[in-house]
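Step one of this worksheet: look at the structure below.
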Amino acid sequence: MRLSVIGCGYLGAVHAACMAKLGHDVVGVDVDASKVARLNAGEAPFFEPGLPELLRESLGSGRLRFSTEMADVAGSAVHFIAVGTPQKRNENGADLSHVYAGVDALLPYLREGDLVVGKSTVPVGTARDLAARIAERCPSADLAWNPEFLREGFAVKDTLEPDRLVYGLADPASGVHLMLDEIYAQALADGRPRLIMDYETAELVKVSANAFLATKISFINAMAEVCEATGADVSVLADAIGHDARIGRKFLNAGLGFGGGCLPKDIRAFMARAGELGADQALTFLREVDSINMRRRARMVDLTREVCGGSLLGQRVAVLGLAFKPNSDDVRDSPALSVAAQLQLQGASVTATDPEAVPNASRRFPDLTYTTSIEDAVTHADAVIVLTEWEQYRTLDPAVLGSLVARPAIVDGRNCLEPERWRDAGWTYRALGRPRAASAVPVAGRSVGLPQAAAGATLSR
Ligand code: UGA
């Protein structure tokens, strides 16, 4: 099928490349000329494993191109709206200006029988409003709401192999679903569930899924607060409750909490929309979810101050990790960058590193010292803090790191290190939701007292 994708950010660029991979003829349209030039050159404008290869393959096949001209959508029968819906400045609600601008720019090019497909995350009620706008201008065109559930870091896989396909339709009998079925024929042939519903339910599926994930993370982080007050270990607790299939272990990793371009702004926009609809009471718990999440950042700063002997003034702190999660260079609402900035503002001298996010972090917060080398970051540090659980940090060798730092003190903001390994190598190890000192009871299934690598070995195991 001939498809257009309007908006070539995270969602749109991945969607366009994946649709071309599936055999469709795709044009991606974006107002940002430099982004379009990079995409046409086969470069992903952000770090996403597998995307550059997929872009080059799809561009090479002749089935994918990017343009700044909306007129280039002519000839496409289906137009995906994949623009961003960031949080409004100083307000909880979502900024829908890009959605309306994208649809308005598309309207003059819509032809009889065309289908507009919304993929952006929007407040409930937006699709119905957009459908009316489209109907006014081009009565024979239709609108479907088809939310996207991809995760950064797994965006290509999630798009090609979605857990489910959601079609929000004005009229399930209209036959619109058949066009979507043709687009997603591969996923449907693979047995992926496809659910047909009205616009409002489809919009709510997306925001309620993100609200649930955020709630699950804040739940375990609330347990971490209780563990801190009692000397219990939240990682062991999460493993134990996670064995109950009704609870599940996924998204129960306690630590610095959630960030990124989706979960934080989506729960806030959801609360704001519920307020407009007179259903604000239903979502007041999300305010607590947000508060628990933000408290973890403050707690991380406190723990760092504690291992620095009570004051951050003049202390050299090595920050490992800046991205909001591993396998991403995204620092939007990143808990890691927020903690690094707080430490610096409270008098510490921060040297921060990340495998991918240094350029984005240094643009957003230029006052920190940045390096791409773990060794440079930790040398002469009074405290090392792990804020994003990249694989290269999980496997760091405490003996080798110990020979570089001024004081062997580490704070694990993502519960991604083995406390015993670090303590056995002479480090002060602190973490969110874990006991201050080694438990008297050896933890079954954990390696205790692993042999240490000789000095001079590589930084990682
Ligand atoms: C999230 C959802 O997971 C996707 O399904 C959704 O499509 C996407 O938002 C979106 O709305 O576009 P993403 O923002 O890529 O995806 O990141 P997640 O993997 O959900 O992680 C979000 C944050 O939660 C990260 O900061 C991560 O470190 C944190 N997290 C995750 C935890 O603190 N603990 C966990 O157990 C899991």
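Both counts, for ligands and for their atoms, begin at 1 and track the order of listing.
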Who gets closest to atom 12 (O) of ligand 1 by heavy atom: Pro335, Pro326, Ser218, Cys262? Cys262
For atom 21 (O) of ligand 1, which of Lys119, Lys325, Arg249 has the closest heavy atom? Lys325
Would Glu225 and Asn221 count as having a side-chain donor-acceptor pair, cut-off 3.5 Å? no
Would you say the side-chain atoms of Arg421 and Tyr429 include a donor-acceptor pair closer than 3.5 Å? no
Atoms of ligand 1 less than 4.0 Å from [X] heavy atoms?
X	answer
Glu148	7 (O)
Asp266	11 (O)
Leu252	36 (O)

Should [X] and [Y] count as side-chain neighbours, where that means a heavy-atom distance under 4.5 Å?
X	Y	result
Asn210	Ile267	no
Phe46	Leu51	yes
Val301	Leu312	yes
Leu3	Ser76	no

Between the side chain of [X] and the main-chain N/O of [Y], is any donor-acceptor distance below 3.5 Å?
X	Y	value
Trp427	Pro398	yes
Lys206	Ser120	no
Lys88	Asp95	no

Going by distance only, is there an N or O of [X] that falls short of 3.5 Å from an N or O of ligand 1?
X	value
Glu152	yes
Phe324	yes
Arg151	no
Phe149	yes
Leu150	yes
Arg414	yes

Does at least one non-hydrogen atom of [X] fall below 4.0 angstrom from an atom of ligand 1?
X	value
Lys206	yes
Gly260	no
Gly259	yes

Tell me: protein heavy atom nearest [atom], and distance?
atom	answer
atom 22 (C) of ligand 1	Leu263 CD2, 3.8 Å
atom 34 (N) of ligand 1	Asn253 O, 3.0 Å
atom 30 (N) of ligand 1	Ile217 CD1, 3.5 Å
atom 2 (C) of ligand 1	Asn210 OD1, 3.6 Å
atom 20 (O) of ligand 1	Phe251 CZ, 3.3 Å

Nearest heavy-atom neighbours spanning Cys8 and Lys35: O-CD, 3.2 Å
Ring pair (Phe, Tyr, Trp, His ring centres under 6.0 Å) partner of His15, the single match among Phe149, Tyr10, Phe80: Phe80
Run through Arg297, Arg364, Lys265 and flag the one making a salt bridge (charged side-chain N to carboxylate O under 4.0 Å, His left out) with Asp333. Arg297
